[in-house]
Chemist: 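Mind having a look at this structure? Questions to follow.
None of these values were measured; they are calculated from a predicted model. Lettering follows sequence order; numbering is per chain, from 1.
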Amino acid sequence: MLRRRLNRLFGGDEKRVDSRTIYVGNRPCPATETFIPPKFCDNRIVSSKYTIWNFLPKNLFEQFRRIANFYFLIIFLVQVIVDTPTSPVTSGLPLFFVITVTAIKQGYEDWLRHKADSEVNKYPVRVLEDGQPARKDSEKIKVGDIVEVVEDETFPCDLILLQSSRDDDTCFVTTASLDGESNHKTHYTVPDMEKDLQSLSATIECEQPQPDLYKFVGRMHIYKPEHDPAVRSLGPENLLLKGATLKNTKKIYGVAVYTGMETKMALNYQGKSQKRSAVEKSINAFLLVYLCILISKAVVCTTLKYVWQSQDGQDEPWYNQKTEKEKGTILYVKMFTDFLSFMVLFNFIIPVSMYVTVEMQKFLGSFFITWDRDFFDPEIEEGALVNTSDLNEELGQVEYVFTDKTGTLTQNNMEFIECCIDGFQYTAFSSELDSFCVTDGPVSTFQEKAGREKEELFLRALCLCHTVQVKEAGPDELGGDQVDGPASEPLRPAEQRGFIASSPDEVALVKGAMRYGFTFLGLESKTMKIKNWQNDVEEYELLHVLNFDPVRRRMSVIVRSKSGDTLLFCKGADSSIFPRVRPEEVERIRMHVQRSATEGYRTLCVAYKRLSVDEYAAADAGLREARLALQDREEKLMAVYNQVETAMSLIGATAVEDRLQEEAAQTMEALQGAGMKVWVLTGDKMETAKSTCYACRLFRRSTELLELTVRTLESGGRRREEMLHDLLFDFHRKAVQDAPPARAGVNRSWSSANPEYGFIVDGAALALVMNPSPDTNCSRYRSLFLQICQNCTAVLCCRMAPLQKAQIVKMVKNSKGSPITLSIGDGANDVSMILEAHVGIGVKGKEGRQAVRNSDYAIPKLKHLRKLLLAHGHLYYIRIAHLVQYFFYKNLCFILPQFLYQFFCGCSQQPLYDAAYLTMYNICFTSMPILAYSLLEQQIAIEVLLDNATLYRDIAKNAMLRWGPFLYWTVLAVFQGLIFFFGVKYLFSNPALQDNGQVFGNWSYGTIVFTVLVFTVTLKLALDTRHWTWINHFVIWGSLAFYVVFSFFWGGIIWPFLKQQRLYFVFFNMLSSVSAWLVIILLIVLSLLPDILLGVLRKPRGPHTQQLSKESLLYVDRSPW
Amino acid sequence: MMASSYNIKEEDGHHSGSSGPGGNAVRTKKPDNTAFKQQRLPAWQPIITAGTVLPAFFIIGLIFIPIGIGLYVTSNNIKEFEIDYTGIDISSPCFNCSQSYSWNTTTSCTCSIPFSLDQPFESNVFMYYGLSNFYQNHRRYVKSRDDSQLNGNLDSLKAPSKECEPYRINENMPIAPCGAIANSMFNDTLDLFYIDPNGTRTPIPLMKTGIAWWTDKHVKFRNPGGSSSNLTAVFYGTTKPLSWPKPVYELDTDPENNGFVNEDLIVWMRTAALPTFRKLYRIIQKKNSLTPTLPRGNYTLDIVYNYPVRSFDGRKRMILSTISWMGGKNPFLGIAYISVGSVCFFLGVVLLFIHHKYGNRNNSSDIPN
């Protein structure tokens, strides 16, 4: 980062201009007399955070920025400076341990980053120097160098493609690591480039580095000795991005334009913002409570101390004189240090170890997700992926699920279903398997509907209007096109060709045309070849491709046939095609399109236009000009596109089925059963999305649909704003006001007779709601809209832009009660909502890896969401909630006796327990059982959780970490703390506890209390454990045994490094006293009594579901009873 | 950060490479099917139900109540006799002593308190002294000792720990034993006399040893320079604690009970847990099985009154007690056991009632589901 800042500093002048000039090969050009090599940053990638020198200070600084660590540091410092009852070791040791472990972990991670960096930076590349490739380290590449890259290598920096080994001046790359699209993309060399790069003298003018992967504008000036400088336009198709991989091309040469931290890849790296779970917020709230308890305890003790000391003879009795130093201290300073001492004495109430344990639980716990075989998908040979372990428990708290449609709910595996030519419907394929039989000629149904000419035109359009490439099938990789994945059915020899395309629709269409008898043979040097019904090869010269973009929602090609006709074929969404064709043609097709859409198919309309010579010339000139523009190229291109794509004639429409994911409907049903509200956010059109919703059973027959779309808004013939107003209030009355008040908590009655509402909104209407025009002061719309949405069982938002998806998520996230949201999606367009939601889930789908990379959890299929939430989420939540409560509980009843003891020792900060016990309590004696519990506990078996989705509602709204349960645990801790202390105190009313009349002292007192404490706290956990694996047994009984062994050991030796041998044989003597045994047993039983009692009493009154699950659990597993 | 994206890229590459027909990657990538990783470890799944808890309650009740009764009876059978000899009351024989207090008096004040035992003390009798409102557990006090000095370390003997301040050095000589605890050692002398009906005073033999923990006496506390050497020489160069009338090597004539291993000192050095406490002072051994250790009758307690407690409103007591297997007299344990046992039993009955009444109904309502 510093490097970047320095660059900015040095390259200050250069930054101000909005373009940079690059001298190809770093050679001076004739045009510029004085060649000043411009300064750009070198090609070094720095992703590491630390260097050897700054690691220690920087890492420590970052660690102590955490409030908890800082707090412990303060406590430690107080212990060092002030005369405190416990030695600094008691808090210093755990803190040191935590800090060291974290530092080692972070250092290791950074070392890995260093290694990865240097691997990248030292990667050997070949740079052309004097015409000869010279080996260099990647980091040495300078802007302007000409770099040679061979097949399957990744580009070391952003390059402008100058020369390719392929004949057609193209090369193929995959950008899987950049945007996740694994298909091959074609990039082109700078047009009309001479072959001899050594003699090339050129400059490139291009824009300053910017992160958009798909935008690049530049201009290349080529100087030739005797000619005028030639100018070539450069676009993204000429730019090879760092991180992309060269495929299917032997060798290319490119000139570096952006290097190092200025490459698009480096600019695109953005740190994901830290997501915090609700549990963490609860922890912090509890911490505050405990901090208050701590401070008030210290205040009470300090006050009492001075009250007590003011009595006659108590402050300084003859037997206990103060030291000179103590006498000399000013009263107020003394009071303050006393306060600090009490803080230190009671500081164990907020344990360092809780943070460690929580972190460990999250880290280790997340492995269970990656290990789960149910998440393994044999197709992609991958299981689930956990990108962050901080949110495990949040999976059990989800209230809103936002799902993408394409690729998530549906397979994004397109199947050509039917088409409609000139108003006639062709449902050619009754079954998918025998569909290839039509290659000989049109099937019978194909004739006599539309004219043969129309049919041929339609199929030609399908064959030509696309950007699909034919994959040259090697002998080892037969069949299987890139998009369909390896699972596609083997093709017969005639169709032994795979298709590569950026969109699966296109492959489906080309394959569909192939089934009808028109085969696309490939694109060779701007000539598209297709094979028609007569098995003749038709050739078309590809003149222009008017690329697809989501705003236009269509794409076109301009081709010239052998006969010299110039044709424009256009395909796109109905809404974008209909206005551009002759209206009389529309009606015949519209009906079919709508019918197909309601069946859940994706529809595209196909149109064409014959261009006259003049028209083409105008279009050609416009396109070329727009492509050369440096500024606003996109807008200019768009304008030309729109100009060209007019007055077309509609040929027909296609319907492509996007099949539902496996178990999509069951998953959605389970999620709804679990009390989650499922919203579908899609960019697709309403009809298609609606049919998917019906198919997924998000909408049922009984669901009343409320529609807020452009269609309903425009139906009334009034202004949109007015209509919006009316509709919103109407819906609000229906769904919110008339609905019975079932919104008591999240547990909305599932099987009630209330009408269910489904809400449909589209992007345009949403834009109206979210950003109402200023004259209509309708900021209420948002809240109305939100209320309606919240009262509907399912909400469908269609025609959404990616940003709008995030907007919706944000709106719900920030609504009242701040519900936990989950977004699931598979494509780059879902990234924004994945990042926005509390939990982002990426589906390892076909649309690349971007969603996966930005997600918190990634699963192969939608169906895995069910287990992830209902089983894993549920268990994680229970585990961590219990962990947190238990930690606070055990430390409260640990410290409470110590607090009470102050009343009996003159508030002198005398610790009740020995320092070793104080230190080891949280580290050794009680930490392992809870960790094992929080990793292994399954109060309800996984199968039961999966079968009864309603169980998920029991833990909704952070149920186990609300103030109620917290109060219960606190009261329990106080109760037990009182019992421990006073039980032993009454026993010590006669300290002669041994049968030889000898007496016990204060350390025996503390040891008895501590023994009771350790056993009670551990057994309390044992009582709560419902799932005893051997690990639980081992750890629980092992901890207790360890305590006993340690106590013997600690008390059995005169430790030379200890100033005082306080515990020498104390534990042994304690065990030799029958009374001590009896009191320990009594107090343990008494402390656990309320918990056992509540366990019994709670059960008959408990929620029905829990009982059900327990009973079925009894049934499922061989219970010991 | 970026490096991680490189890793992912590699993974991608690997993935696309293996996505072909080659199936070797399947085995490596698929998670292991172990019970632990799949969260299917065999587990015992106990459930707290009325059915399981009820017997437990009854059993606890049935065990605890007899134990409690046993404890209570045992405690009640322990004979205990207590005299407060502080001398607060003007009528008390020790009133004068308690008033005329000064450390430097060469003549010690003595007083004797007559008392009578209504019941004979049969077995060994343990004589305690008790102090009240004496904060032996005050932090400043508790830490004011040097265990290494008491363990016979010669360096610590000459240079006691700083913790002993302000009882560390007196007149440039290290104090042995140093610290507030040792300095304030209880130094009243208590003697017991049996008054025959004919009026003769028979002194009752009091054993000075066996009152401290064995490990304390033999390991934790040791005289410097070994046990055999001349204590006076070893302690040369040190001074006695301020409030002691004589140095540590003159605590007793018995060399086994002198210096740091003096059991009175050891007992005192084990700081009490609460401000009201008792410490074992002497043991009265049972002579033979025929006569009780302390028969019924009149006694006098002769006190050499040295220890001042009035300044902090303290009390001094002498306690005679027999000891059972559970230690000294303390009805608390017995009562607690009886009450916890009864509560358990009672809860058992209540739960049985609830279970019987509501449990059935609950079960029947479950069946339709």
Chemist: Can you tell which part of B:Asn33 gets under 4.5 Å to a heavy atom of chain A, answering side chain, backbone, both or neither?
Modeler: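 Backbone plus side chain of B:Asn33, per the 4.5 Å heavy-atom cut-off to chain A.
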Chemist: For A:Leu912, is it the side chain, the backbone, both, or neither that has a heavy atom closer than 4.5 Å to a heavy atom of chain B?
Modeler: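 Answer is neither: A:Leu912 stays 4.5 Å or more from chain B.
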Chemist: Is the B:Tyr307 to A:Trp318 ring centre distance short of 6.0 Å?
Modeler: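 Yes - the distance between ring centres of B:Tyr307 and A:Trp318 falls below the 6.0 Å cut-off.
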Chemist: Examine whether an atom of B:Phe36 lies under 4.5 Å from a heavy atom of chain A, and if so say whether it belongs to the side chain, the backbone or both; otherwise answer neither.
Modeler: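 Both parts, backbone and side chain.
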Chemist: At a heavy-atom separation under 4.5 Å, does A:Leu987 approach chain B through its side chain, its backbone, both, or neither?
Modeler: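 A:Leu987 touches chain B through backbone and side-chain heavy atoms alike.
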Chemist: Chain B heavy atoms under 4.5 Å from A:Val1085: which part of the residue, side chain, backbone, both or neither?
Modeler: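 It is the side chain, since no backbone atom gets that close.
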Chemist: With a sphere of 6.0 Å drawn around NZ of A:Lys1059, does it hold more than 12 non-hydrogen atoms of other residues, nucleotides or ligands?
Modeler: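 For A:Lys1059, atom NZ is not crowded (no more than 12 foreign heavy atoms under 6.0 Å).
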Chemist: Examine whether an atom of B:Arg145 lies under 4.5 Å from a heavy atom of chain A, and if so say whether it belongs to the side chain, the backbone or both; otherwise answer neither.
Modeler: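 Both backbone and side chain.
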Chemist: Going by disulfide (SG to SG under 2.5 Å), name the residues that satisfy it together with B:Cys164, two or more places apart in sequence or in a different chain.
Modeler: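 With neighbours one apart ignored, the set is B:Cys178.
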Chemist: Select one option (side chain, backbone, both, neither) describing which atoms of B:Tyr135 are under 4.5 Å from chain A's heavy atoms.
Modeler: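 Both backbone and side chain.
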Chemist: Aromatic rings B:Trp44 and A:His1033: how do their planes relate, parallel, tilted or perpendicular, breaks at 30° and 60°?
Modeler: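 Ring orientation, 0 to 90° scale: parallel.
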Chemist: Which answer fits B:Ala35, side chain, backbone, both or neither, if we ask what part of it has an atom under 4.5 Å from a heavy atom of chain A?
Modeler: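 Nothing of B:Ala35, per the 4.5 Å heavy-atom cut-off to chain A.
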Chemist: Go through the atoms of A:Glu324 and report whether side chain, backbone, both or neither lie under 4.5 Å from a heavy atom of chain B.
Modeler: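 Neither part.
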Chemist: Which heavy atom of B:Val219 sits nearest a heavy atom of A:Tyr1064, and at what distance?
Modeler: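 Answer, listing the atom of B:Val219 first, then A:Tyr1064: CG1-OH, 3.0 Å.
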Chemist: Relative to the ring of B:Phe312, is the ring of A:Tyr319 parallel (under 30°), tilted (30 to 60°) or perpendicular (over 60°)?
Modeler: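 Perpendicular.
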Chemist: When you compare the side chain of A:Asn990 with that of B:Glu80, does any pair of heavy atoms fall below 4.5 Å?
Modeler: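 Sidechains of A:Asn990 and B:Glu80: in contact.
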Chemist: Check each atom of A:Lys325 against the heavy atoms of chain B and say whether the ones under 4.5 Å are side chain, backbone, both or neither.
Modeler: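 Nothing of A:Lys325, per the 4.5 Å heavy-atom cut-off to chain B.
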Chemist: Could you look at A:Lys115 and say if it's the side chain, the backbone, both or neither that has a heavy atom under 4.5 Å from chain B?
Modeler: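 Neither part.
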Chemist: Side chain from CB out, backbone as N, CA, C, O: work out which of these in A:Asp372 comes under 4.5 Å of a heavy atom of chain B, or both, or neither.
Modeler: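 Both backbone and side chain.
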Chemist: Other residues, nucleotides and ligands only: do more than 12 of their heavy atoms fall within 6.0 Å of NZ on A:Lys322?
Modeler: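 Atom NZ in A:Lys322 is crowded, with more than 12 foreign heavy atoms closer than 6.0 Å.
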Chemist: Listed by chain and number, what are the ring-ring contact (aromatic ring centres under 6.0 Å, His included) partners of A:Tyr901, not counting sequence neighbours?
Modeler: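 For A:Tyr901 the ring-ring contact (aromatic ring centres under 6.0 Å, His included) partners, ignoring immediate neighbours, are A:Tyr1005.
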